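Just so it is clear: chains get the letters A, B, ... in the order the sequence lines come, proteins before strands, and each one is counted from 1. FYI, side chains are in, hydrogens and waters are out, and symmetry mates aren't considered; it's all heavy atoms of this structure. Note that the coordinates shown come from a computational prediction; the quantities given were computed from them, not determined experimentally.
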Protein chains: 2
Amino acid sequence: MSSEIIHMVTVGQIIRAKRESLGLLLRHVASYLDIDQAILSKIERNERKPTKDNIIKLAEILNLDKEDLLVQFISERIAYEIADEECASKVLKVAEEKVKYLKSNLVKK
Amino acid sequence: MSSEIIHMVTVGQIIRAKRESLGLLLRHVASYLDIDQAILSKIERNERKPTKDNIIKLAEILNLDKEDLLVQFISERIAYEIADEECASKVLKVAEEKVKYLKSNLVKK
DNA sequence: ATTTCACTTGACATGATTTGTCAAATATAA
DNA sequence: TTATATTTGACAAATCATGTCAAGTGAAAT
């Protein structure tokens with residue numbers, strides 16, 4: 001058993017890797033997303049956050065699983081949101097209960 | 001075993017109940033928080049979201065457990081954020097892994 | 001070495017959201 | 001009615017999100 005550093009793969013990294021493996025250019029993909037290539041460049045380097053729409057279109061054009069990518073995206077956002085809280089783990093547990101309640105009652109936002 | 005409706009207690013409800021039980025007025029508590037009483041009124045009725053600072057000061061003046069109240073507050077925010085996602089539960093699980101990674105590496109925001 | 005191409009960078013614009021103020025309206029009780 | 005507590009909605013200011021644009025960088029081809 002060797003000790004290794006586990007890397008957290010970011011959505012940006014996933015996107016860039018897949019885009020390059022498909023031989024697509026920033027401007028091609030950005031055009032599909034209807035945004036400037038500068039933004040996509042920043043998204044891939046975690047300098048800007050994608051919108052949900054960006055994620056959906058990225059999954060389409062890069063042939064990635066849409067739900068997987070969304071899960072990565074949203075969980076990444078939440079993780080950064082609470083990572084500096086002592087009680088982060090407890091927060092997630094309580095959040096799960098609240099989500100169950102909200103879903104079971106179809107409460108409107 | 002009777003079937004009951006489980007209610008989600010909101011931070012606003014917790015605060016209002018405690019404030020009233022202590023016989024404190026909106027303007028007294030709001031003054032301590034350094035905000036207008038109109039805002040506090042809205043916070044208690046879930047019409048506005050408190051800031052983190054609001055929560056901390058509320059715990060102080062209302063003699064509530066600071067960490068508990070923070071957990072309720074943040075988890076409530078997250079729950080509303082993702083409740084409309086199909087994959088909400090998966091998101092929380094993945095978020096927990098990411099949080100562990102972020103904490104273990106003390107990554108700066 | 002110059003040109004070309006993909007990408008990166010930072011200044012800026014604009015609109016949405018957050019966070020608050022204020023005063024009038026309402027409700028409750030003396 | 002009067003006084004007090006709360007609620008409401010219009011508004012303002014600050015902050016954040018999202019995007020444009022053009023100049024800059026780096027690497028490969030000629």
Before you tell me yes or no, could you show the steps for B:Glu81 and A:Arg77 under salt bridge (Lys or Arg N to Asp or Glu O under 4.0 Å), namely the whole-Å CA-CA distance, both residues' side-chain angles and the distance that decides it to 0.1 Å? CA-CA 11 Å; B:Glu81 216 175 295; A:Arg77 182 156 51 73; 2.6 Å; yes

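Side-chain nitrogen and oxygen atoms of A:Ser41 include at least one within less than 4.0 Å of the OP1 or OP2 phosphate oxygen of C:dT8. In this model, the phosphate group of C:dC7 is not approached by any side-chain N or O of A:Arg45 to a distance below 4.0 Å at OP1 or OP2.
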Go along nucleotides 20-28 of chain C 5' to 3' and tag each nucleotide: B for a protein heavy atom under 4.0 Å from its base, S when only backbone or sugar atoms are that close, - otherwise. BBB------

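For B:Glu76 (side chain) and B:Val11 (main-chain N/O), a donor-acceptor pair under 3.5 Å exists by modelled atom type.
Taken from CG in B:Asp84 to CG in A:Leu102, the straight-line distance is 10.0 Å, to the nearest 0.5 Å. For the atom pair A:Ile43 CD1 and A:Ile39 CD1, the distance stands at 6.5 Å (nearest 0.5 Å).
Atom CD of A:Glu20 is surrounded by more than 12 heavy atoms from other residues, nucleotides or ligands within 6.0 Å. Atom CG of A:Asp34 is surrounded by 12 or fewer heavy atoms from other residues, nucleotides or ligands within 6.0 Å.
Separating the CG atom of A:Asp53 from the C1' atom of D:dA17 is a distance of 15 Å, rounded to the nearest angstrom. The CG atom of A:Leu40 sits 12 Å away from the P atom of D:dT20 (whole-angstrom rounding). Rounded to whole Å, atom P of C:dT19 lies 15 Å from atom CD of B:Glu47. One can place NE2 of A:His28 at 12 Å from P of C:dC5, the figure rounded to the nearest angstrom.
In this model, a donor atom of one side chain and an acceptor atom of the other lie less than 3.5 Å apart for A:Lys93 and A:Ser89.
Remark: B:Glu85 engages A:Lys52 in a side-chain hydrogen bond (donor to acceptor under 3.5 Å, both in side chains) (not counting sequence neighbours).
DNA chain D lies under 4.0 Å from at least one heavy atom of each of the following residues of residues 19-26 of chain B: B:Arg19, B:Leu25, B:Leu26.
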